[in-house]
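What follows is a set of notes on a single structure, which appears directly below.
Note that the coordinates shown come from a computational prediction; the quantities given were computed from them, not determined experimentally. Counting starts at 1 for both ligands and their atoms, in listed order.
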Amino acid sequence: MSSILIKNGLVVDTEWMRRSDILISGSKIKRVAPSIDYNTLAPDTTVVKADGLCVLPGIIDAHTHYHLVSRGTVTADSFREGSRLAAFGGVTTVVDFADDNKSSLLDSLHLRRKEMIPMAIDYALHQGVYKFRADIKKEMESIKRAGIGALKIFTTYKDVGYLVDDREELKSIFKDARDLGLMVTVHCEDDDLITSISSSWHGSYKPIDHAALRPAEAEAKAIEYVGGIARELNMPVYIVHLSSKKGLEAVRKLRMEGVKVFVETTPHYLFLTKEKLEGEDGPLYVMTPPLREREDNEALQEALINGEIQVVATDHCSFTREQKLSSDDCRTIYPGIPGTEELLPLIHTFGLTSGRLSLSQIVNLLSTGPAKLFGLYPEKGSLEVGTDADITLFDPDCSWTINKDTIHSAAGYSAYEGFSVTGKVVMTYLRGRLIMGDDIYLGLNGDGKYLRARR
Ligand code: URP
Ligand code: ZN
Ligand code: ZN
């Protein structure tokens with residue numbers, strides 16, 4: 001069994017940071033100690049000098065859509081491309097989604113698992129539930145046995161058939177999930193409000209109009225709605241990609257009422273504003289929910305620092321420049337942007353510039369937090385002895401500029417083009433195997449493992 005000694009790095013966990021050595025044996029972490037003597041190791045041990053580098057548990061992007069087939073096309077980053085760009089971003093696990101075929105959740109899951117076989121990094125799945133049916137609890141039991149830990153619910157996208165419209169039916173799905181110990185994650189935008197705004201809309205449909213057609217009020221209303229169901233059923237709820245101050249206020253209100261609300265946000269809602277939607281490249285920045293105002297960025301940043309947000313993920317859903325720019329009508333622009341690769345450098349830079357987010361907090365938001373919430377911990381999200389040797393070596397001092405040539409998405413652009421960031425991933429290990437080092441990708445298609453959630 002091969003051994004690797006990562007020597008003298010700054011090992012960062014959610015509780016502590018200290019200069020340490022880490023010994024990897026095969027796919028697992030074998031020892032973590034202030035100094036591991038070379039002489040005690042097998043002669044073929046590879047030694048990696050990590051002086052000046054941070055040693056982090058592999059980053060988890062807890063919200064991705066690789067190879068999303070949508071609106072008659074498919075996203076630019078399929079499983080091979082997604083794995084590759086993830087490795088460059090220090091990401092060793094993603095949580096992606098299985099669509100609901102509306103007749104069998106288990107068949108839906110099996111289909112997605114089969115599609116994802118080419119993955120070169122590890123992955124878990126959330127299961128979409130888009131329709132109530134009488135025996136859905138049995139279906140949920142079967143996907144739970146197959147390793148699903150969370151459902152994905154939409155409060156919008158009625159037009160594409162994702163919305164469970166009837167409150168009692170939705171409540172029944174929530175109740176079954178609660179009884180089975182499945183987390184319910186929700187995309188929150190109130191469909192009725194969005195429909196009523198668009199039916200009385202006399203404006204244009206430029207990219208910038210996307211923001212007004214899907215306002216923050218719609219997010220807040222949907223959060224109140226699903227939070228109300230969670231309160232009645234005394235169960236937690238997880239809000240994906242929180243985008244607005246109003247949405248955050250709705251979360252705060254629910255929490256004051258005793259509801260356990262977990263919140264995920266994304267770098268684009270933290271750092272980009274709707275001004276990006278103006279101008280020729282506006283379509284590149286269309287995603288749902290839309291980009292908002294500076295004050296929304298600031299409210300979410302403050303919430304991140306204060307511990308009101310548990311996860312930062314990316315909602316990576318990449319279309320090429322050509323796909324995005326093929327329409328400038330916000331109703332038909334393919335929604336979504338890439339982001340997995342930029343996740344760690346962006347959040348690290350924010351931590352440095354604000355001076356209010358420690359490396360340990362970053363590890364919690366980008367690795368340990370999602371691993372715990374989705375039943376992947378401690379195998380993922382930790383550097384404990386005996387767990388998977390998913391390790392990201394990160395140079396915290398390296399300054400660079402994000403642009404299409406420094407990142408690897410097949411989208412051919414980054415929404416953070418021109419951002420100066422501090423911190424760069426130099427090596428990524430997946431289960432003890434180097435999958436990216438010295439800017440060279442070494443991932444093996446098919447080597448990614450489907451991760452079963454455990455509660
Ligand atoms: O525009 C987005 N976010 N596309 C991905 C699907 C979703 O709603 O999360
Ligand atoms: Zn969504
Ligand atoms: Zn999404």
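- Under 4.0 angstrom from ligand 1, the non-hydrogen atoms of Cys317 all belong to its side chain.
- Between the side chains of Arg433 and Ser27, not a single donor N or O lies within less than 3.5 Å of an accepting N or O.
- Close approach of ligand 1 to Gly336 is summarised as follows: ligand atoms under 4.0 Å from at least one heavy atom of the residue are 1 (O), 2 (C).
- When you scan the N, O or S atoms of Asp315 for the one nearest the Zn ion (ligand 3), you land on OD1.
- One side chain, Tyr377 or Glu384, offers a donor N or O that lies under 3.5 Å from an acceptor on the other.
- Ring geometry, His241 versus Tyr269: the interplanar angle exceeds 60°, so the pair is classed perpendicular (tilted spans 30 to 60°).
- Taking the salt bridge (Lys or Arg N to Asp or Glu O under 4.0 Å) definition, one finds that Glu379 meets it with Lys28, sequence neighbours left out.
- Applying the 4.0 Å criterion to heavy atoms of His63 picks out, from ligand 1, the atoms 9 (O).
- Relative ring orientation between Tyr157 and His187 is described as tilted, the plane-to-plane angle lying within the 30° to 60° band.
- Not one N or O of Lys152 is nearer than 3.5 Å to an N or O of ligand 1, by distance alone.
- Here Asp96 contributes atom CG and Arg113 contributes atom CZ; the two are 13.5 Å apart, rounded to the nearest 0.5 Å.
- Taking every non-hydrogen atom of Met287 and a distance limit under 4.0 Å, the qualifying atoms of ligand 1 come out as 1 (O).
- At the Zn ion (ligand 3), the angle from NE2 in His63 to NE2 in His65 is 100° when rounded to 10°.
- The shortest contact between atom 4 (N) of ligand 1 and any protein heavy atom is with Pro335 O, 3.5 Å.
- The NE2 atom of His241 and the ND1 atom of His187 subtend an angle of 90° at the Zn ion (ligand 2), given to the nearest 10 degrees.
- The closest donor-acceptor contact from the side chain of Glu341 to the backbone of His408 lies under 3.5 Å.
- Atoms of ligand 1 lying under 4.0 Å from any heavy atom of His241, numbered from 1 in the order shown and given with element: 9 (O).
- In the model, Ser243 has a side-chain atom that pairs as donor or acceptor with a side-chain atom of Arg292 under 3.5 Å.
- Of all atoms in ligand 1, numbered sequentially from 1 with element shown, those under 4.0 Å from a heavy atom of His187 are 8 (O).
- With a heavy-atom cut-off of 4.0 Å, Thr288 touches ligand 1 through backbone and side chain alike.
- Protein heavy atom closest to atom 3 (N) of ligand 1, with residue, atom name and distance, is Asp315 OD2, 2.7 Å.
- Proximity of the aromatic rings of His63 and His65 is defined here by a centroid distance below 6.0 angstrom, and this criterion is met.
- Of all the atoms in ligand 1, the ones that sit under 4.0 Å from a non-hydrogen atom of Tyr157 are 7 (C), 8 (O).
- Residues Gln323 and Thr73 have side chains that bring a donor and an acceptor to within less than 3.5 angstrom of each other.
- Counting only heavy atoms of the protein, atom 6 (C) of ligand 1 lies nearest to His65 NE2, 3.6 Å.
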